[in-house]
Amino acid sequence: MTDEKELPSRYQPSETESRWYQHWESKGYFRPLSDKTGNTGAKPYVIVIPPPNVTGVLHVGHALNNSIQDVLTRWNRMRGRDTLWVPGVDHAGIATQNVVERKLAKEKKTRHDLGREAFLKEVWKWKEENGNTITRQLRRLGASCDWSRERFTMDEGLSHAVREAFVSLYEKGLIYQGHYIINWCPRCRTALSDEESVHKEINGNFYHLKYPVAGKGTKAELPGEDHIVVATTRPETMLGDTAVAVHPDDERYKALHGKKLILPLVNREIPIILDAAVDPQFGTGLVKVTPAHDPNDFDMGKRHGLAQINVMTPEGKINELGGAYQGLDRFAARKQVIADLEAQGLFVKSVPHRHSVGHCYRCETVVEPYLSKQWFVKMKPLADRALKAHEEGKTKFYPNRWTKVYTNWLSGIRDWCISRQIWWGHQIPVWYCDHCLKSEIAHSDKENFVIASPGSISGGAKQSQRGIIVARETPKKCPACGGMDLVQDPDVLDTWFSSWLWPFSTLGWPEKTPDLARFYPTSDLVTAAEIIFFWVARMIMAGLEFMGEVPFSRIYIHGTVRAATGLKMSKSLGNVIDPLEVIDELGADSLRFSMLMLSAQDVYLSKEKFEVGRNFTNKLWNASRFVMMNLEGFKSGSFSGNLPDNLSTSDLWILARLDQVIETADAHLEGFGMAQASSELYHFVWNDFCDWFIELSKPVLMGGDSAEKIATQKVLFHVLDRILRLMHPFMPFVTEEIWQKLPAYASDASTSETILYAPWPVKAVSVPAQRANACRAVEWLQKAVSGLRDLRMTLNIPAQQTLKAVVAAPDAEVLRTFERFRPQIVRLARLESLEVLATFQKTKNYMGQAYPEFEVFIGIEGIVDPVKEKTRIAAKMEELRRFMTAISQKLSNDNFVKNAPEEIIQQEREKLEDAGKVLKAHEESLELFK
RNA sequence: GGGCGGUUAGCUCAGUUGGUUAGAGCACUACCUUGACAUGGUAGGGGUCACAGGUUCGACUCCUGUACCGCCCACCA
């Protein structure tokens, strides 16, 4: 026997994982095969990684996401497809800038102290030092990404792509600049897109305020009152009110039509306007209108030609237009305004009000609807094409229910605010010629110039306004006046403006690279639901816009990973599970397998759940160890790899099961059924291979040299080899480790130098007819062994006590089966001897267990009290009678017989017949005790 | 306010187009350190499939409604 010391009884992931990963990467195994062969034939399999944030660390969500992608990648690679998985990270403009600003703050510095250029240098420095954390962690997870193709959204090529996309959209009139209410984060001091403003329900207040009516005589017309009452959640914005609106048909306020009000605290006269957008049922039916601080009011203001009075600074403080409140933070101003109104008797009441308020997705600060000049992408035309592509069946969501989420969002899409008032990112490729602008705006409002506005685009390229240059290359001088005094727009683009190009920009677009030609469109996209709007929908729109083709046709939305305790994992709740810790403790294979097995829906994680994977890894390791230790004789090279003809029943059975499991695993993987596939494999390896086949092989292996033994060794090896391949996508490290050890035990074992490229198992082309019979035979065997064990247990016979047993099988085939399996049954049931007979005349010295096809007996003389046996049999018979009654009733139901499919009825009849046989056997046994 | 998902064993979850006596892992009970593995083996206990109706010969599965839990979306000030 082979020296056992080579193989410890515990698998040690920490000793193998990093070693194998380095080996794979250094050998270039993760690169597509066509890189070497130049073959550009068959359709490749391509996945692009959802780029993690450069500031991020690997959390369990990433771990699941990338485990799934790695399974798909490795599976397809093994199936012989030219496979590419493109990795990379995005620059996460706001998040990264925040990180570096926090670092500066510790030195009591702000980015403005450094200036733009020096600050960006700092960010790059930070990126070089810390930006590879997550990609290092992905390697530890085992992600088989082609790192030679790793991309970063701020690298040169992708920056080039971003400019091309911007300018090209601008030329088509799909990008415009305008003055609108956008989501503003006063802490980050930048605009946010709608998706970056996260709505959260909060407990606020609904403040009721009095606005006095202007002029004389109003008191008489408004019963008893000389003021009106408005209700608001943000009283501080009243400083910018320019009207109060009422529904035109609201009878209560007819008297107010045409009247003016005095805006308290600022003493501005404001009109009462009539607008159907006002809901008379809500609040007092009177709405204060603040066009500069609320999107609805902004629209209303446009309709009525109201002034837009912005009373806030970008920091969220009241500005000079807020009079006495200047300099106060918006929340301080809120308190002060209320206090002052109260002092003047103009504060009515405040009622608790639960409503949802936007929060910055990066820093949680309450978002301020803020009027400012920003760049927008006009989304409707892009969304329409994505919807059309979907109708044509070009995109498919798994599971299907996400389709509606996607199409609903596209149908109601709003323009995308893409400019950000930060420094880290792609600076907008727009330059201003001061000279031309001055002459241009002499007769227009400088602050309100609009290049294009929503609705004004009617096809055809929009001409640049004089003084504004939108260009792919940095211009040296103004094309209009030749002036050299050009200033680039200081804003940068939303990070997602680079991410939405990811599927093709990472392949080289806008250059016409070989990669782009070969690998676009990609195959599958795997991501979590939270990113459908941010990213998936936009990638599809960009793919259609810039490449004329959807970037991928299948989108798999996997479950969200949450803490076992309930909601999301968050550092503040202390319920974060760090996947790196799990890898350190249990290994990446355990982490991957456990998560994949749980991934059928949303995953509620706790640390214990990873033990399944750990235990299974160890099981696989030890099963392999057993097989290898029993392959002596094969080192010489006598093992051809082909299976011999003289296979035993159990050999045929395990091969049949293997074929089944290959088929179901493939079917599940085809539809992203990682959980089902992994669970199927788990049970095959553990229950069929380990619990039964290995156990059945032991008597044969110990029986000395024989043709039968060699055949079993070959089958053991063959099935282990296939198991390793099947498991490899799920557990890449342990399978490679074992794979590489095989040649030491079987000379021609590893036909490929790495399991990464070992061909994926396929079902046997021609299946020997005996296999079906073998499956039946093994079922009998399993029943017999379990039955004997059951007898032993229920009769309290000690495990050490060996028993004399008898199997009675009237059917010749069943009889032959048990004769063949005699050594196995003796071993598995711990017998002293086993007689196999056609019929057996039972005596009081035997106790039995009946099955439809056979009965098993154990000799109990001097071991067991017959009274116990009597009770046991009586209980079994009672159970059987209940079962038979149920079936009889079913079969005597006319409707059932008339309507049920023939095979179902047949099944029921067989059940009844079998149960009858068993019952009869029990009756006979019971007779003995009378 | 809309939309989606969930409710199956003590816990975490499977259950494919309706059809054997509803399964697994963990936990539990009993026995077993048998020459791959105690991160193991064997046997076992444990479920009115959330509730109420309906369709059907037959419902965990399909339909309607209810309750509770969770998620997403949304400019009622």
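What you see is a predicted model, and the numbers here were worked out from it, not measured in a lab. We name chains A, B, ... by the order of the sequence lines, and we start the count at 1 in each one.
Across A/Val561 and A/Met595, no two heavy atoms sit closer than the pair CG2-CE, 4.1 Å.
Side-chain nitrogen and oxygen atoms of A/His353 include at least one within less than 4.0 Å of the OP1 or OP2 phosphate oxygen of B/A77. Between A/Lys698 and B/A36 there is a side-chain polar atom (N or O) within less than 4.0 angstrom of OP1 or OP2. Considering only side-chain N and O atoms, A/Asn622 lies nowhere under 4.0 angstrom from the phosphate OP1 or OP2 of B/A36. Checking the phosphate oxygens (OP1, OP2) of B/G40, a side-chain nitrogen or oxygen of A/Asn615 falls inside 4.0 Å. Phosphate contact (OP1/OP2 of B/G1, side-chain N/O of A/Gln281, threshold under 4.0 Å): absent.
In this structure, the CD1 atom of A/Ile694 is 7 Å from the C1' atom of B/A36, given to the nearest Å. Counting to the nearest Å, the C1' atom of B/A24 and the CZ atom of A/Phe684 are 18 Å from each other.
A donor atom on one side chain and an acceptor atom on the other are not found under 3.5 Å apart for A/Asp589 and A/Thr617.
Exactly one residue among A/Glu236, A/His293, A/Glu368 makes a side-chain hydrogen bond (donor to acceptor under 3.5 Å, both in side chains) with A/Arg330. That residue is A/Glu368.
Judged by closest nucleotide on RNA chain B, A/Pro901 is the one of A/Trp409 and A/Pro901 placed further toward the 5' end. Between A/His683 and A/Arg614, the one whose closest nucleotide on RNA chain B sits nearer the 5' end is A/His683.
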